[in-house]
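Here's the structure, in C-alpha cells; my notes come after.
When a residue number appears, it is its place in the shown sequence, counting from 1.
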Amino acid sequence: MEKFAETIETVRKKMGSRLAILGHHYQADAVMAHTDIRGDSLELSRHISGLDAEHIVFCGVYFMAESAAILRREDQKIHIPDPTATCPMADMAEAGRVRQTLDILQADGRKIIPLTYVNSSAAVKGVVGEYDGSVCTSANAETMLSWAMKQGDAVLFLPDKHLATNTANTLNIPKDKRIILPAGVIDGDPKLFINPDNVKDKEFIIWPGYCPIHEEFQLETVETIRAEEPDAKIVVHPECDSSVVDASDGHGSTTFLIKYAKEAPAGSTVYIGTEENLVKRLAAQYAGEKTIRPLNVSLCEDMGKTTEENLAALLENIDKATPIDVPDDIKAPARLSLERMLEVCSR
Ligand code: SF4
C-alpha cells in the first residue's frame with residue numbers, strides 16, 4: 001500500500017493546482033488521506049466550478065461523479081477511480097421507468113412534481129428537470145418537499161422511501177395522503193404496480209427504493225442500547241427506517257451527524273447510525289474525550305471500491321484517462337433540476 005500512497009503523493013505534487021481530489025465522508029481513511037476536499041456529495045459538487053483544477057477526481061460512487069460532471073466548467077474533466085462503484089439505491093430508479101410512472105400518474109390531468117434525492121442518476125435528474133421537478137439532499141429535504149408540494153397537485157419522491165417517509169413525518173403530511181408504490185419482480189424485471197384508484201387522492205407518492213446499508217439499522221438495536229446504556233445518545237441518518245429514526249435522539253445528514261459528535265459533551269457516549277467509515281473516523285478523532293460507536297457494522301461495498309491502488313492507477317495516466325461526462329440532452333434538464341434546488345435553498 002505504501003507504494004500506491006507514494007505514487008499518489010508524487011503525482012499530486014507534480015500536478016499541483018491542475019489536480020483536485022475530492023472524497024465523500026464514506027470513503028476509507030487510506031483514500032481520505034490523499035484528498036484535498038471532504039464532504040457529502042452535494043457539498044463536493046458545489047465546489048467544482050470554483051476549483052482551478054483541470055482534473056477533478058471524485059472518490060465516491062458514480063452518481064456523485066455525474067453530478068460533478070453536470071456542474072463542471074467546460075475546461076474541467078471529472079474522473080472516478082472505479083467507474084463500477086455505483087449506488088444500489090440510485091440504481092433502483094431507472095430513468096425510463098420514472099418517466100413512464102410520471103406519465104401514468106398524470107394521465108388523470110393532475111400535475112405531479114417529481115423530487116429526486118441527489119442519490120440518483122443524471123438521467124433521472126434529467127427527467128425530473130423536464131417535468132418541472134427538482135433535487136433534494138438529506139440536509140434540505142424538508143425545504144425542498146415543502147417547495148414541491150406547492151408547485152402542483154402531488155409530489156412523486158424518489159428513490160428513497162425512508163427519506164421520503166421521515167421527511168413527510170416531520171412535515172406532518174397526513175398518512176392517508178401518502179402511498180409507497182407497490183413493487184415486485186416479473187421474469188427478473190423489477191416492476192411498479194400503479195393502480196390509478198389507489199393513487200388518485202394521494203398528495204405524496206413515494207418510490208419504493210432504499211439504501212441497503214441504512215436498512216440494516218433496526219429498532220431492536222436501539223432498544224437494546226436504551227436498556228443497557230440509558231445515558232448513551234443515538235443519532236441516525238434519515239435513510240434509516242422511520243421506526244429507527246423515531247426512536248433516536250436526533251436524525252440528519254452526514255454534516256448533522258459530524259456536528260452532533262463534535263458537540264457531544266466530554267465523557268458522553270454517542271451511537272451513530274450511518275456508514276461505518278465515517279463513524280470509525282469520528283471515533284478515532286474523539287478517542288479519549290468521548291465514545292463514538294457505530295449503531296451496527298454497516299459498510300457500503302461500493303464506496304469501498306475506491307482504493308489507493310485504483311486511485312494511483314488513475315493518477316499515473318490521468319492525462320490520457322477518459323473523463324466521466326453526461327450527454328448534453330440529459331445535462332441541460334439535469335442541471336435545471338439542480339439549479340432549482342440551489343435557488344430554493346438560497347432564499
Ligand atoms: Fe448508496 Fe447507501 Fe452506499 Fe450511500 S451508503 S452509496 S446511499 S448504497
Side-chain angles (χ1 to χ4, degrees), residues 1-13 15 18-48 51 53-72 76-91 118-122 137 211-214 237 239 254-255 257-258 274-282 284-285 294 297-326:
M1 284 303 155
E2 253 176 51
K3 180 178 85 175
F4 301 125
E6 255 180 58
T7 303
I8 295 166
E9 290 310 312
T10 305
V11 177
R12 284 182 80 194
K13 210 165 160 193
M15 290 186 71
R18 280 185 63 220
L19 171 71
I21 304 179
L22 279 50
H24 186 272
H25 289 307
Y26 294 167
Q27 291 291 301
D29 284 348
V31 172
M32 284 302 232
H34 305 292
T35 54
D36 299 295
I37 306 173
R38 301 169 177 198
D40 64 28
S41 56
L42 202 75
E43 268 170 0
L44 293 175
S45 291
R46 277 173 132 162
H47 279 287
I48 304 286
L51 292 171
E54 164 196 354
H55 291 288
I56 296 166
V57 177
F58 212 115
C59 299
V61 291
Y62 197 83
F63 78 81
M64 299 176 183
E66 277 191 323
S67 293
I70 293 166
L71 297 169
R72 74 177 174 86
Q76 293 176 318
K77 296 184 183 74
I78 309 296
H79 305 271
I80 184 167
D82 184 345
T84 73
T86 62
C87 166
M89 182 211 283
D91 292 345
V118 70
N119 296 33
S120 53
S121 68
T137 68
C211 164
I213 312 308
H214 287 85
H237 195 281
E239 288 172 18
T254 47
T255 305
L257 299 171
I258 291 167
T274 196
E275 211 272 352
E276 206 193 338
N277 273 319
L278 171 60
V279 185
K280 278 199 312 208
R281 194 169 305 120
L282 291 170
Q285 186 178 344
V297 174
S298 200
L299 276 167
C300 176
E301 273 181 34
D302 282 279
M303 282 286 181
K305 284 183 177 173
T306 305
T307 60
E308 283 182 307
E309 184 172 359
N310 55 31
L311 178 57
L314 168 65
L315 292 182
E316 276 185 308
N317 289 297
I318 198 148
D319 280 316
K320 291 190 202 124
T322 306
I324 302 290
D325 210 355
V326 173

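The shortest side-chain heavy-atom distance between Ile78 and Ile48 falls under the 4.5 Å cut-off. A 4.5 Å side-chain heavy-atom check between Ile318 and Met15 finds at least one atom pair inside the cut-off. Between Thr307 and Asp82, every side-chain heavy-atom pair lies at or beyond the 4.5 Å cut-off.
Judged by distance alone, with hydrogens and angles left aside, the side-chain atoms of Arg72 form no donor-acceptor pair with the main-chain N or O of Asp325 at under 3.5 Å. The closest donor-acceptor contact from the side chain of Gln76 to the backbone of Leu51 lies under 3.5 Å. When atom types are taken as modelled, the side chain of Arg281 and the backbone of Gln27 share a donor-acceptor pair closer than 3.5 angstrom.
When every heavy atom of Val118 is checked against every heavy atom of Ser67, the shortest pair comes out as CG2-OG, 4.4 Å.
Atom CE of residue Met32 and atom CD1 of residue Ile21 lie 12.0 Å apart, to the nearest 0.5 angstrom. Thr254 contributes atom OG1, which lies 11.0 Å from atom CD of Glu275 (distance to the nearest 0.5 angstrom). The OG atom of Ser45 sits 5.5 Å away from atom CG of Leu71, with the distance rounded to the nearest 0.5 Å. A distance of 4.5 Å separates CG in Leu22 from CD1 in Ile37, rounded to the nearest 0.5 Å. For the atom pair OG of Ser298 and NE2 of His237, the computed distance is 12.0 Å after rounding to the nearest 0.5 Å. Rounded to the nearest 0.5 Å, atoms CG (Leu315) and CG (Asn310) are 10.0 Å apart.
Of the candidates Asp302, Thr274, Asp40, Tyr26 forms a side chain to side chain donor-acceptor pair (under 3.5 Å) with just one, namely Thr274.
A salt bridge links Asp36 to Arg12: at least one charged side-chain nitrogen sits closer than 4.0 Å to a carboxylate oxygen.
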### Task
Dump the intermediate steps for side chain to side chain contact (heavy atoms under 4.5 Å, CB included) on His24 and Thr306, then the final yes or no.
CA-CA 11 Å; His24 186 272; Thr306 305; over 6 Å; no
### Task
Show your reasoning for whether side chain to side chain contact (heavy atoms under 4.5 Å, CB included) applies to Met303 and Asn277.
CA-CA 9 Å; Met303 282 286 181; Asn277 273 319; 5.5 Å; no
### Query
side chain to side chain contact (heavy atoms under 4.5 Å, CB included) between Met89 and His214: does it pass, once the steps are laid out?
CA-CA 10 Å; Met89 182 211 283; His214 287 85; over 6 Å; no
Which pairs would a plain distance check flag for residues 54-65, meaning a side-chain donor or acceptor within less than 3.5 Å of a matching protein atom at least two apart in sequence or in another chain?
unit_1	atom_1	unit_2	atom_2	d
Glu54	OE1	Arg18	NE	3.0
Glu54	OE1	Arg18	NH2	3.3
His55	ND1	His79	NE2	2.9
His55	NE2	Asp319	OD1	3.1

